[in-house]
Number of protein chains: 4
Amino acid sequence: MLQQLKEQVCEANLRLLREGLVILTWGNASAASRVHDLMVIKPSGVSYHEMRPEHMVVVSLKTGEIVEGHLRPSSDTPTHLEIYRAFHSVNGIAHVHSTHATAWAQSGREIPALGTTHADHFYGAIPCTRELKTKEIQSDYEKNTGLVIIERFKKIDPLHIPAVLVAGHAPFAWGATLNDAVQNAIVLEQVARMANETLAINPKRQPLSKALLDKHFRRKHGASAYYGQKKK
Amino acid sequence: MLQQLKEQVCEANLRLLREGLVILTWGNASAASRVHDLMVIKPSGVSYHEMRPEHMVVVSLKTGEIVEGHLRPSSDTPTHLEIYRAFHSVNGIAHVHSTHATAWAQSGREIPALGTTHADHFYGAIPCTRELKTKEIQSDYEKNTGLVIIERFKKIDPLHIPAVLVAGHAPFAWGATLNDAVQNAIVLEQVARMANETLAINPKRQPLSKALLDKHFRRKHGASAYYGQKKK
Amino acid sequence: MLQQLKEQVCEANLRLLREGLVILTWGNASAASRVHDLMVIKPSGVSYHEMRPEHMVVVSLKTGEIVEGHLRPSSDTPTHLEIYRAFHSVNGIAHVHSTHATAWAQSGREIPALGTTHADHFYGAIPCTRELKTKEIQSDYEKNTGLVIIERFKKIDPLHIPAVLVAGHAPFAWGATLNDAVQNAIVLEQVARMANETLAINPKRQPLSKALLDKHFRRKHGASAYYGQKKK
Amino acid sequence: MLQQLKEQVCEANLRLLREGLVILTWGNASAASRVHDLMVIKPSGVSYHEMRPEHMVVVSLKTGEIVEGHLRPSSDTPTHLEIYRAFHSVNGIAHVHSTHATAWAQSGREIPALGTTHADHFYGAIPCTRELKTKEIQSDYEKNTGLVIIERFKKIDPLHIPAVLVAGHAPFAWGATLNDAVQNAIVLEQVARMANETLAINPKRQPLSKALLDKHFRRKHGASAYYGQKKK
């Protein structure tokens with residue numbers, strides 16, 4: 001079942017490797033099939049060099065049970081499930097430990113919107129979650145990781161800011177499609193790198209004005225977008 | 001029309017990708033045909049992997065109208081037009097969001113001439129524009145981006161310093177030829193990277209002396225140049 | 001003798017090159033055969049491009065004598081020997097001068113556990129040895145390098161923190177298997193890079209809580225591990 | 001004439017490109033034939049992609065005149081000549097604008113010996129020249145660049161510290177052979193990179209002790225060296 005989605009999820013995971021966002025067996029991408037109420041996700045700890053579509057694991061969005069697949073799903077599966085359950089507009093998730101975005105997550109600080117590259121893709125600072133409490137860590141850790149993400153997005157549209165930094169851990173990026181999720185993980189890494197360097201050059205630099213943030217985000221997103229070609 | 005120029009512009013855009021100055025669909029290069037009063041520019045938001053010369057868009061330098069092409073031109077087209085209209089010695093432009101030059105642009109600071117690598121290509125600091133005002137952002141944003149660049153170059157020969165940082169955005173590089181423009185974008189990125197690292201090592205380091213700046217720029221440019229081979 | 005182990009050690013050394021952890025003839029990996037009381041190690045100063053399994057040198061763990069091989073073993077051989085003699089659970093060692101881990105070693109500081117990437121592989125800060133005394137440098141330097149490593153691990157299980165920084169020098173990583181040792185050297189480099197960047201963003205950032213450190217290390221190691229696939 | 005040396009010099013220049021130490025047409029390597037009192041050097045401003053052994057230029061070490069070759073020699077030729085004339089043990093020179101070593105040169109600071117990687121190849125800090133005076137810049141600039149290098153090495157054996165930073169410019173590396181010169185340029189770049197990062201982690205870190213510096217340099221150089229294989 002979901003053969004095409006398995007191929008897409010496998011390919012998305014391999015793209016994370018090619019783009020330099022993951023090493024070894026780190027990282028995981030998934031996609032939701034809302035019509036089936038299912039998620040397809042990378043197996044846990046399998047070498048990227050041996051990974052094939054048939055290794056992908058199909059999981060019920062409702063119950064979290066494995067519906068198809070011979071391998072264990074990614075250990076971060078409960079985090080993905082919570083995100084899909086809370087963010088109905090999201091259909092793809094990419095979790096990576098990419099160098100610069102992870103450094104920001106480890107620092108416990110949000111990434112301010114310091115340039116139009118950021119504003120083209122993220123409509124404001126990339127938020128950082130609070131630290132998990134000891135009991136949230138000791139029991140249902142991966143599910144609770146999802147819940148602190150959702151808590152942080154109470155007042156944020158997840159498609160306006162399609163990524164989060166989990167404090168002390170690493171980023172999760174997402175999107176309306178799997179392709180958007182992977183692309184947002186790529187852009188996040190570049191934005192994180194440039195933000196760090198910007199503040200090294202000018203530690204007092206303030207975020208973009210609201211006008212410039214609006215201009216760039218709206219140029220690419222929503223009804224008045226004029227970047228790219230007309231959608232067929 | 002302008003078949004050869006389309007091929008050159010397509011190839012210049014692809015070179016920006018190969019040189020690591022752009023990712024995804026970012027960046028755009030254009031060239032002017034002064035004799036035809038036309039500009040050839042990359043289409044907006046098209047994948048580099050599918051880009052071919054016939055996708056290039058031909059635009060009137062005078063009116064800004066599309067003269068040939070089935071795709072929308074780069075959303076930065078009005079910025080390119082203003083640069084060609086004001087800088088008559090410029091025949092090629094390359095706009096990129098390359099990591100280090102963009103970090104400087106985001107920081108709102110000019111790049112001081114800290115070494116002879118800089119002086120070989122840029123005859124002084126790489127200037128940074130002022131921030132655009134809210135009304136300049138909300139209406140005719142890309143045209144106004146061109147105008148603040150020109151404003152910044154009131155007292156600068158654009159072939160003496162063939163690049164600018166747009167504050168909060170990214171660099172534009174240019175040249176007497178398209179090849180020069182691309183090359184200047186490459187050098188700018190390297191110069192930006194080394195300037196940041198130089199100041200990390202020695203925060204109080206002052207720019208080069210006028211004598212050394214003169215020596216290196218004149219060694220490569222103008223009547224007394226002696227770098228490279230004699231032009232045939 | 002030990003033909004298979006020679007092939008594995010040769011391949012491990014070549015992998016260090018491919019992973020960007022060594023340049024020129026730097027670095028060395030070795031593996032122990034506990035049943036034979038022998039160690040197989042890279043020869044000293046041989047080009048990676050010409051290195052073949054038959055160049056590997058077999059050394060007695062007990063006496064340090066060369067048992068087989070036409071070339072001199074790595075000049076760091078006495079350090080490897082001391083590690084194998086003291087850490088009985090260790091069967092592979094990788095020594096590299098990789099950029100970021102070496103910068104930490106040169107700085108004389110331990111790498112704090114600032115993120116879960118670190119905690120997934122190292123159960124606490126990566127320790128840094130004390131400086132060697134002048135007489136420890138002038139006589140039996142490489143053996144004494146091993147001894148200060150062991151001194152530093154008096155109260156640490158070497159499989160809980162499978163790497164060390166030798167102050168002013170570079171890291172040694174190890175593992176229960178040669179493959180683990182190489183993998184730990186790769187992870188160490190990434191962890192070192194992100195730690196430096198984390199502290200540049202937030203100089204006052206504290207290490208992970210004990211709860212989060214426990215959670216991530218135990219998720220991957222020991223009886224309650226649930227990362228990856230079930231071992232066959 | 002000197003066909004073999006031309007091939008070696010051409011290959012050395014191409015290796016600088018492959019190793020990432022030069023871009024565009026930057027950098028130049030040369031070799032001396034002491035028995036002929038000649039130097040073979042890269043031509044000025046020629047693309048690396050088109051460079052062939054027959055493009056190399058043969059120059060008299062005594063007079064600086066071109067003895068063979070159809071192209072102009074590197075504009076840095078007078079600097080190379082002064083180095084060969086003053087340092088009789090040097091037979092190869094590599095000049096690059098590699099990122100990290102150039103940042104140190106631009107900063108005007110010597111690179112302290114902060115680790116054994118440095119000490120394995122350089123017997124103390126990599127010195128930085130004084131700034132050239134205005135009249136030294138305006139007349140015979142490249143020759144004077146050579147002279148300030150020699151001035152800086154009055155009390156230093158050039159084979160003990162086979163590289164220099166020219167203040168505000170970039171490094172020159174050299175060696176007893178052309179291959180050593182290229183290798184020293186590679187090591188210098190890595191050492192420069194790690195030194196900068198070491199001081200970012202620990203700004204007060206002091207250079208290695210004399211004992212450790214001696215140990216590592218002597219391990220690889222001179223009569224008591226024991227690194228690598230016995231010379232045949």
Side-chain angles (χ1 to χ4, degrees), chain A residues 15 18-21 98-100 111-121 179-180 182-221 224-232, chain B residues 20 22-28 43-47 55 57 69-77 96-112 128 131-142 144-145 165-170 192-193 195-197 199-200 203:
Chain A
R15 186 174 174 202
R18 285 197 309 270
E19 297 279 355
L21 301 186
S98 58
T99 306
H100 306 286
I111 305 176
L114 294 167
T116 62
T117 318
H118 185 125
D120 279 335
H121 299 88
N179 191 52
D180 284 0
V182 171
Q183 201 153 302
N184 287 329
I186 294 169
V187 175
L188 174 62
E189 179 63 2
Q190 180 64 6
V191 159
R193 184 181 189 187
M194 297 197 301
N196 189 8
E197 190 164 336
T198 300
L199 295 173
I201 297 169
N202 185 352
K204 298 187 174 176
R205 184 67 177 174
Q206 293 302 305
L208 293 187
S209 70
K210 181 68 168 54
L212 196 50
L213 190 64
D214 280 349
K215 178 69 196 177
H216 270 266
F217 191 76
R218 296 297 174 201
R219 199 165 84 147
K220 282 205 164 182
H221 302 87
S224 54
Y226 57 94
Y227 180 91
Q229 305 301 322
K230 276 176 208 156
K231 300 270 157 61
K232 287 155 215 168
Chain B
V22 299
I23 60 170
L24 301 175
T25 63
W26 302 357
N28 43 71
S44 182
V46 167
S47 161
H55 296 144
V57 186
H70 301 291
L71 297 169
R72 282 182 188 168
S74 164
S75 55
D76 295 312
T77 293
V96 293
H97 287 209
S98 57
T99 306
H100 306 286
T102 301
W104 279 93
Q106 290 190 168
S107 81
R109 295 208 173 147
E110 65 178 28
I111 306 176
C128 187
E131 317 274 340
L132 274 77
K133 294 168 193 163
T134 297
K135 66 177 181 188
E136 290 172 332
I137 293 168
Q138 288 172 342
S139 166
D140 289 327
Y141 169 65
E142 290 83 3
N144 289 327
T145 299
L165 307 174
V166 178
H169 185 160
R193 183 179 189 189
N196 189 8
E197 190 163 336
L199 295 173

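So you know, we letter chains A, B, ... as the sequences are listed, proteins then strands, and number each from 1.
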Region of [X] in contact with chain B, defined by heavy-atom distances below 4.5 Å:
X	result
A:L208	side chain
A:R219	side chain
A:S209	side chain
A:H216	side chain
A:K220	side chain

Report summary line: Ranked by heavy-atom pairs below 4.5 Å to chain A, first place among B:G168, B:G45, B:A167 goes to B:G168
**Report entry** Stepwise side chain to side chain contact (heavy atoms under 4.5 Å, CB included) check, B:Q138 with A:D214
**Finding:** CA-CA 9 Å; B:Q138 288 172 342; A:D214 280 349; 5.9 Å; no
Query - Gap between atom CD of A:Q190 and atom CH2 of B:W26 - 0.5 Å precision - result: 5.5 Å
What's the shortest heavy-atom distance between [X] and [Y], and which atoms?
X	Y	result
A:Q229	B:P43	NE2-CB, 3.9 Å
A:K215	B:I137	CD-O, 3.4 Å
A:G228	B:S44	N-OG, 2.6 Å
A:M194	B:H97	SD-O, 4.1 Å

Residue part contacting chain A, namely of [X], when any heavy atom lies under 4.5 Å:
X	answer
B:I23	side chain
B:L24	side chain
B:E197	neither
B:V46	side chain
B:P203	neither

Report task. Could you tell me whether the side chain of A:Y227 reaches within less than 4.5 Å of the side chain of B:T25, counting heavy atoms only? Result -> yes
Query raised in the report: Where do A:L212 and B:H169 land on the side chain to side chain contact (heavy atoms under 4.5 Å, CB included) test, with the steps shown first?
Result: CA-CA 10 Å; A:L212 196 50; B:H169 185 160; over 6 Å; no
Report task. Examine distances only and state if a side-chain atom of B:R109 and a backbone atom of A:I201 form a donor-acceptor pair shorter than 3.5 Å. Result -> yes
